[in-house]
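No hydrogens, no waters, no symmetry mates; every other heavy atom, side chains included, goes into these values.
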Amino acid sequence: MSEIRVALLRLKVKGYINAYSRKVMNYYFSSTDYVPATTLRGAILELEYQTKGKVNDKFWVGPALPLGSAFSHFFIPLNEKARDGGKDSAEAQEMKGVLEEAGKVDKWDKESVYKLVREKGLLGHGRKPRIGAVIRKVGERDGYNLYERVRLNSVVQMQTAVDKLTGSNAREMLFAYEYKEFRDLWTLSSPDLPQDRGVLRMGRGKSRSGFQVSFEKVRELDLELAKKGEVGYCLTPCAPSVMGVKLLDGDYLGDLSIYTGWFTNDHVTGTKPTFRVLREGTLVKVREAGNYQRLLGAGLNFLVKVNDLGELLEKVM
């Protein structure tokens, strides 16, 4: 059994923040319903630098998600009948022990997986989910975990740039920034936190320092990491290889995304690597584990083994 010791953190956000933005023309969308691991790690390391004058570059942390929520995976379909009668249902269901059952399939090609789905009824009555959607557990019924989509309140602030020469509004310089109300969040990190509680400067945009994000270490717990022959759940984006270096070999049920992160060390500053990764919520049937944990500090390859998503949420409540 391959276990990893982690710290469970609670975060409280007073106000609205933009944890990750996407720019369309002059509009900055707050594009995630969670705080990415890279954003949170940077905020915690900044706190450590301000208090100690140095940082622990081996420290890692996962994404911060609304309490009771995590990322949807392949075996959590949206229900066909929406609770409100609409076609875009926020309800979803997951058969208990579904990931343990899925791990019994030797070949993880689409034909073998769909055969398992038909024989075992692992998807229940629904359609294929959107991998990586943030869903919150709302209950249990008849051997299923029940979920709903997390939809956060947001506000939009308008800002206008001023021409330095004329002192008037600059042409086409009206900007809109969207901020989301995160409130209470949970995350997992390495146990070597700079301090057990504190206040972080986190978020993007001009007004980020006006909002307070406090965190507290709740307790430590052990999680099992996926190893050869097992199914792992990507709590962060997963990178099977980076710059030609193979870190993880397996078969995947999930979607692709783009990783963008900043890193700085004593020799390189402001470097911004960008490459394709597997989205959060992707399932990996591991053939060879390699040394995928080496990228935890970059917010990648947090691959945990659980019988179902409900089991993971029970561990972190």
Side-chain angles (χ1 to χ4, degrees), residues 1-6 36-38 41 57-63 70-76 94 97-117 119-120 122 128-129 131-132 188-191 221-261 263 273-309 311-312 315-316:
M1 180 180 297
S2 177
E3 289 189 341
I4 184 171
R5 189 73 172 174
V6 301
T38 49
R41 182 177 186 265
D57 57 6
K58 294 182 180 180
F59 172 77
W60 60 267
V61 66
F71 301 108
S72 175
H73 59 70
F74 177 83
F75 295 107
I76 303 182
E94 173 195 43
V98 65
L99 300 184
E100 182 181 23
E101 287 292 325
K104 298 175 182 178
V105 180
D106 293 330
K107 292 178 62 180
W108 254 47
D109 56 76
K110 287 186 177 181
E111 182 179 348
S112 299
V113 171
Y114 278 111
K115 182 180 179 181
L116 173 72
V117 167
E119 291 178 350
K120 299 281 188 178
L122 300 185
K128 183 179 177 181
I131 305 297
L188 300 171
S189 77
S190 56
L221 63 147
D222 293 318
L223 287 180
E224 190 174 350
L225 295 176
K227 55 184 184 295
K228 184 176 181 179
E230 297 178 339
V231 174
Y233 166 84
C234 291
L235 191 54
T236 62
C238 284
S241 63
V242 176
M243 293 183 288
V245 179
K246 192 75 174 180
L247 300 168
L248 177 65
D249 185 17
D251 298 307
Y252 316 108
L253 286 176
D255 293 332
L256 291 174
S257 181
I258 298 295
Y259 173 87
T260 301
F263 68 88
T274 302
F275 49 87
R276 288 190 178 275
V277 292
L278 299 166
R279 188 183 302 277
E280 301 94 331
T282 293
L283 302 176
V284 182
K285 178 69 178 293
V286 180
R287 284 197 295 263
E288 294 293 338
N291 187 20
Y292 66 83
Q293 301 171 41
R294 64 189 294 187
L295 291 185
L296 284 174
L300 294 168
N301 290 354
F302 195 0
L303 189 65
V304 297
K305 178 182 180 296
V306 288
N307 292 326
D308 53 63
L309 185 57
E311 180 185 278
L312 175 62
K315 290 177 180 290
V316 300

Asks: Can you spot which of V284, L300, L225 makes a side-chain contact (heavy atoms from CB on, under 4.5 Å) with Y292?
Replies: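 Of V284, L300, L225, side-chain contact (heavy atoms from CB on, under 4.5 Å) with Y292 is met by L225 alone.
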Asks: Please tell me if the side chains of P240 and Y252 come closer than 4.5 Å, counting only heavy atoms from C-beta onward.
Replies: yes
Asks: Can you name the nearest heavy-atom pair linking P63 to F71, along with the distance?
Replies: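 Looking at all heavy atoms of both residues, the shortest contact is CG-CE1, 3.9 Å.
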Asks: Considering the options V245, T236, L247, which one meets the side-chain contact (heavy atoms from CB on, under 4.5 Å) requirement together with L295?
Replies: L247
Asks: For side-chain contact (heavy atoms from CB on, under 4.5 Å), just list the numbers for F59 and V61, CA-CA rounded to whole Å, side-chain angles, deciding distance to a tenth of an Å, and then say yes or no.
Replies: CA-CA 7 Å; F59 172 77; V61 66; 4.1 Å; yes
Asks: side-chain contact (heavy atoms from CB on, under 4.5 Å) between V98 and H73: does it pass, once the steps are laid out?
Replies: CA-CA 11 Å; V98 65; H73 59 70; 4.1 Å; yes
Asks: Is K228 atom NZ crowded by more than 12 heavy atoms from other residues, nucleotides or ligands, each under 6.0 Å away?
Replies: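 Check fails, neighbour count at 12 or below.
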Asks: Look at atom CZ of R294 and say whether more than 12 heavy atoms of other residues, nucleotides or ligands are closer to it than 6.0 Å.
Replies: no
Asks: Does a side-chain N-to-carboxylate-O contact under 4.0 Å join K285 and D251?
Replies: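 So K285 does not pair with D251 through a salt bridge.
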Asks: Considering all heavy atoms of both residues, which atom of E94 and which atom of L309 are nearest to each other, and what is their separation?
Replies: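 Reported closest heavy-atom pair: OE2-N, 2.7 Å.
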Asks: Shortest non-hydrogen contact from Y259 to T38?
Replies: OH-CG2, 3.7 Å
Asks: Working to the nearest 0.5 angstrom, can you tell me the gap between L99 CG and L312 CG?
Replies: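 Answer rounded to 0.5 Å: 10.0 Å.
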Asks: Quick one: closest heavy-atom pair of L256 and R279, and the distance?
Replies: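 Between these two residues, the closest heavy atoms are O-NH2, 3.1 Å.
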Asks: To check you understand the geometry: which heavy-atom pair defines the closest contact between E224 and K227, and what is its length?
Replies: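 That would be OE2-NZ, 3.7 Å.
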